[in-house]
Number of protein chains: 2
Amino acid sequence: MALDHALLVSLLEKPSSGYELARRFDRSIGYFWHATHQQIYRVLSRMEAEGWISAEVQAGETAPDRKVFSATAKGRVELSRWIAEPVEPEGTRDALMVKLRGAAFGDPQGLIAELEHHRAAHANRLTCYHVIEARDFSGTLDPQRALQYMVLKSGLRFEQGWLEWCEEALDLLRNIKQVKRRRTTS
Amino acid sequence: MALDHALLVSLLEKPSSGYELARRFDRSIGYFWHATHQQIYRVLSRMEAEGWISAEVQAGETAPDRKVFSATAKGRVELSRWIAEPVEPEGTRDALMVKLRGAAFGDPQGLIAELEHHRAAHANRLTCYHVIEARDFSGTLDPQRALQYMVLKSGLRFEQGWLEWCEEALDLLRNIKQVKRRRTTS
DNA sequence: GAATACTATGCAACGAGTTGCATTGCAACC
DNA sequence: GGTTGCAATGCAACTCGTTGCATAGTATTC
């Protein structure tokens with residue numbers, strides 16, 4: 001149920017159309033939640049039906065019509081309720097880890113390209129976050145900004161961690177000896 | 001499709017019943033993939049139907065019967081195929097981040113307990129991983145162990161990162177000024 | 001002797017996320 | 001003047017994961 005609330009937060013920060021939200025989720029918001037436009041439109045309809053958000057159609061003269069959503073008072077209440085309700089930390093789920101561990105039964109070196117790709121992707125995200133940091137979070141910050149910054153900082157921290165880990169893993173893969181194919185129980 | 005392959009890897013490492021797999025996913029394997037027993041049983045049936053794994057029923061004299069699964073040659077091939085196919089790094093999805101950012105529109109201090117809970121959970125996982133590290137990964141490691149260790153290391157790194165971040169976030173929340181309720185667009 | 005807990009397996013309903021496709025209109029390019 | 005690309009919205013089918021429940025025998029505890 002968390003996409004609902006991520007959208008509520010986004011709409012409280014700035015009323016927007018589904019399309020804008022999708023773009024922001026692809027960019028800056030991407031570092032705290034990820035979603036596709038299809039999903040976003042679906043959830044927006046549902047939330048409108050429940051009265052958490054309300055829409056205002058802006059007829060575009062040159063561009064297509066836009067439905068601009070804002071959070072309602074009811075939506076605010078729902079958000080507070082949800083924030084107060086405890087959640088457990090997420091369980092790990094990363095395909096790359098499965099692959100690494102599975103590579104012991106195949107060709108570890110085959111993962112080098114994959115890891116290099118991941119390293120590049122994480123380096124990319126990291127610089128992206130650094131740009132946002134410099135642009136939006138220098139100087140003194142009001143409480144709202146400070147909270148946003150804290151979220152960004154987790155992104156910075158984790159991308160940095162990924163980067164270092166990728167290096168470490170690449171080192172290992174490059175130096176590992178070719179594993180002998182061992183038959184376990186067929 | 002990654003639970004399938006996580007199970008294949010586990011079964012290559014050690015043939016097991018669904019129940020055993022569920023227990024291992026709750027413990028040591030939990031740091032590289034998470035799943036419930038219901039899900040595991042369902043996927044095991046599917047994989048058996050596809051011929052990736054085969055079952056042997058062990059009639060328990062004192063305990064209930066167990067279906068012990070092992071990966072077949074076909075399963076091995078499928079695993080290699082899947083490992084070779086590229087994946088993109090996962091998008092971020094953490095409810096806690098949404099909450100932090102949403103707290104700007106409510107009561108930031110209300111999250112302190114939640115963050116303390118998360119900090120404790122991560123500290124717990126971290127010590128758990130340290131125990132595994134000391135128990136299973138000291139001394140020289142063959143290639144398979146080395147790969148497993150690399151996966152564990154990502155767990156260690158991220159739990160450590162979480163812990164530090166929780167501290168930082170708690171510091172912020174404790175010192176943040178009470179946010180004035182501001183009405184945005186209704 | 002009854003209640004609780006653990007081993008061991010599974011079904012069914014639901015909710016969340018992914019993938020593929022469809023539509024309309026404007027703008028710019030070649 | 002046709003093709004490509006972007007703004008803007010959405011449906012439908014599917015897979016993956018969660019939650020709640022069911023069963024059945026053994027072992028232990030009160």
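Throughout, protein chains are lettered first and strands after them, A, B, ... in sequence-line order, and every chain is numbered starting at 1. These numbers come from a predicted model, not from an experiment.
Residues His122(B) and Phe158(B) form no side-chain contact, since every pair of their non-hydrogen atoms from C-beta on lies 4.5 Å or further apart. No side-chain heavy atom of Leu156(A) sits under 4.5 Å from any side-chain heavy atom of Tyr31(A). A heavy-atom distance below 4.5 Å is not found between the side chains of Glu56(B) and Pro15(B). Side chains of Leu115(B) and Arg119(B) form no contact here, defined as non-hydrogen atoms less than 4.5 Å apart.
The interatomic distance linking Gln58(A) (CD) with dA7(D) (P) rounds to 16 Å, in whole Å. Distance His5(B) NE2 to dT15(D) C1': 14 Å, rounded to the nearest Å.
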Check your understanding: What string of B, S and - do you get for nucleotides 5-18 of chain C 5' to 3' if you count protein non-hydrogen atoms under 4.0 Å?
Key -> --BBBBB----SBB

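Both the sub-6.0 Å distance and the 45° axial angle are not jointly satisfied by Lys153(A) relative to the ring of Trp165(B).
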